[in-house]
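Beneath this line is the structure, given in structure tokens, with notes to follow.
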Amino acid sequence: MADEHVEEFDSRDLAQMRKKIASWFRNAQRDLPWRVERNAYRVWVSEIMLQQTTVQAVVPYFERFMKQFPTVEALAESEEADVLRLWEGLGYYSRARNLRTGAIQVCEQFNGQVPKQVDQLLEIKGIGRYTAGAIASFAYNQPAPILEANTLRLFVRLLAYDGDPKSAAGQRQLWALAERFASCRNPAKVNEALMELGALVCRVSAPQCDACPLKSSCRAFLSGRQEELPVLQKRIAVTRVVDACVAIQRKNKWLVRQRTSEERWAGMWDFPRFSVESVDHDGKLTPAISRRLHEEVRQTLLRDWNVTAEIHDDLMEVRHTVTRYRIRLLALIANWQEGSPSDGEIRWVTTQQLAELPLSVTARRIADWLHERHTS
DNA sequence: AATCCGGGGGA
DNA sequence: TCCCCAGGATT
């Protein structure tokens, strides 16, 4: 049973398939900013941003990032907070911190040149098997394999692989096929064409098999199973929680804290925030519940934050999801009376200064709300 | 092998 | 609502 799928294609099949997708790619490829102007640094930055993130979401972030940090050296000399500010809203913020660390690594270990060997690329923080193969092949035309969301779906369908493609056995076979595809004279074009075909034609839902240059080789299409594959595991169920967040005012400044490396949104700034038990998940904020909320926030601020504050009635609600949590966030405004948090880094900042700090997405919404209240 | 890490868009 | 996205690091 081992590897029987990969042997579906012999070397002649593969040569034909490469030729077909390369031809298709010439006409169908999108003009993406990291393709129009290409160097190893731009490929690297784009690949990191694109991890688990759609092309559409990345494009504006990539443009801004390259404007501010056009070279590896510029990024290596940056402040982490400035990189995080540019990353704000994109998610998976460890990518930003690792990318900056990686830039320093490249300057110190590799003389400022992004390496072209996969094993050297793998030494760089934040670069794994896929990204190493992507940089090596796209930027240097090295025959390095890639396997990611688009090519995984494409390969699973080509092979009609009906096991779990994320399992060890599945990964081994799919990487083996990727390796064979990339073993050619033009791996940059072949790899990119495979990805683009997966993205534009071999889509998750409603794949455009009629327009696919590989349909005559696709076992899923030939057996009518393209909509059923790949077979992926179910996701972890979401948990609903209610959080509270307090914007504490002292004259014209607001209390913010930097989230620690142990927390979510590490390195980003946030208003004091914590889980509240006294509010029902979906209940409306009746006056009684609102009083309970005020009381719990007041007590928590005193107990866990060493701050006494007078809480106002102003309240805004933000709903968001993060990983497996669906969060209902209730943001309150309070007047500082005394005390100061002893945990982590604290700053008192104006709404103007908030604009320059990297904030959690919810904190940004609240900051905008404060700014609007203040100026109206 | 499982789990964590985000946020947005499409169906 | 649910599902997915040019994955990697940690446990």
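Every chain is numbered from 1, with letters handed out A, B, ... down the list of sequences. None of these values were measured; they are calculated from a predicted model.
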Open item on the list: Under a 3.5 Å threshold, yes or no: a donor from one side chain and an acceptor from the other, between A/Thr131 and A/Glu47?
Closed with: no
Task: Min side-chain heavy-atom separation A/Gln173-A/Tyr161 under 4.5 Å - done: yes
Task: Sugar-phosphate only, base, or nothing, as touched by A/Val55 at under 4.0 Å among non-hydrogen atoms - done: base
Open item on the list: Could you tell me how far apart A/Glu227 (CD) and C/dC4 (P) are, to the nearest whole angstrom?
Closed with: 13 Å
- [ ] Indicate, with a heavy-atom threshold strictly under 4.0 Å, whether A/Arg97 touches base, sugar-phosphate, or nothing.
- [x] nothing
- [ ] Name the closest nucleotide to the A/Arg235 side chain, picking from C/dC4, C/dG8, C/dA6.
- [x] C/dC4
TODO: Assign A/Ala168 to base, sugar-phosphate, or nothing according to its heavy-atom contacts below 4.0 angstrom with the strands shown.
DONE: sugar-phosphate
TODO: Starting from C1' on C/dG7, measure out to CD on A/Glu47 and report it in whole angstrom.
DONE: 10 Å
Open item on the list: Could you tell me how far B/dG9 sits from C/dG8 if I compare only their P atoms? Round to whole Å.
Closed with: 24 Å
Task: A/Ser137 side chain to A/Asn191 side chain, donor-acceptor N/O pair below 3.5 angstrom - done: yes
Open item on the list: Can you confirm whether the side chains of A/Arg172 and A/Ser167 place a donor and an acceptor under 3.5 Å from each other?
Closed with: no
Open item on the list: Just to be sure I understand the rule, does A/Leu122 reach a base, reach only the sugar-phosphate, or reach nothing, if contact means heavy atoms closer than 4.0 Å?
Closed with: nothing
- [ ] Respond yes when some side-chain nitrogen or oxygen of A/Lys166 is under 4.0 Å from OP1 or OP2 of C/dC4, and no when none is.
- [x] no
TODO: Measure the distance from CD1 on A/Ile48 to C1' on C/dG8 and round it to the nearest whole Å.
DONE: 9 Å
Task: Atom-to-atom span, CG of A/Leu121 to C1' of C/dA6 - whole angstrom - done: 16 Å
- [ ] Report the secondary structure of DNA chain B in dot-bracket form, marking unpaired bases with a dot and bases paired to a different strand with |, and treating Watson-Crick or G-U pairs with both distances under 3.5 Å as paired.
- [x] |||||.|||||
Task: Distance, rounded to the nearest Å, where A/Met49 contributes CE and C/dC5 contributes C1' - done: 16 Å
TODO: Classify the nucleic acid contact of A/Ser46 as base, sugar-phosphate or nothing, counting any heavy atom under 4.0 Å across all strands shown.
DONE: nothing
- [ ] Check every strand shown and say whether A/Ala134 touches a base, only sugar-phosphate, or nothing at a heavy-atom separation below 4.0 Å.
- [x] nothing
TODO: Compute whether any side-chain donor of one residue and acceptor of the other, for A/Thr362 and A/Arg273, lie under 3.5 angstrom apart.
DONE: yes
Task: Nearest-Å distance for atom pair CD1/P, residues A/Ile127 and C/dA9 - done: 9 Å
Task: Positive for side-chain contact (heavy atoms from CB on, under 4.5 Å) with A/Leu330, one of A/Val297, A/Val318, A/Val279, A/Asp243 - done: A/Val279
Open item on the list: By nearest heavy atom, map A/Lys125 and A/Leu232 onto DNA chain C; which one lands nearer the 5' end?
Closed with: A/Leu232
Open item on the list: Using 30° and 60° as the class boundaries, would you call the ring planes of A/Phe181 and A/Phe155 parallel, tilted or perpendicular?
Closed with: parallel
Open item on the list: Hydrogens and angles aside, do A/Glu88 and A/Tyr93 bring a side-chain donor and acceptor to less than 3.5 Å of each other?
Closed with: no
Open item on the list: I'd like to know if the side chain of A/Ser360 pairs up with that of A/Asp270 as donor and acceptor (distance under 3.5 Å, no hydrogens or angles considered).
Closed with: yes
Task: Sugar-phosphate only, base, or nothing, as touched by A/Trp87 at under 4.0 Å among non-hydrogen atoms - done: nothing
Open item on the list: Taking B/dC5 as the reference, what is the distance to C/dA6 when you measure between their P atoms (whole Å, please)?
Closed with: 22 Å
Open item on the list: Just by distance, no angles: are the side chains of A/Gln51 and A/Arg95 close enough, under 3.5 Å, to form a donor-acceptor pair?
Closed with: no
Task: Gap between atoms CD1 and C1', on A/Ile146 and C/dG8 respectively (whole Å) - done: 16 Å
TODO: Can you check each nucleotide of nucleotides 2-11 of chain B against protein heavy atoms at under 4.0 Å and return B for base, S for sugar-phosphate only, - for none, in 5' to 3' order?
DONE: --SBBS---S
Task: d(CG, A/Leu152; C1', C/dC4) in whole Å - done: 13 Å
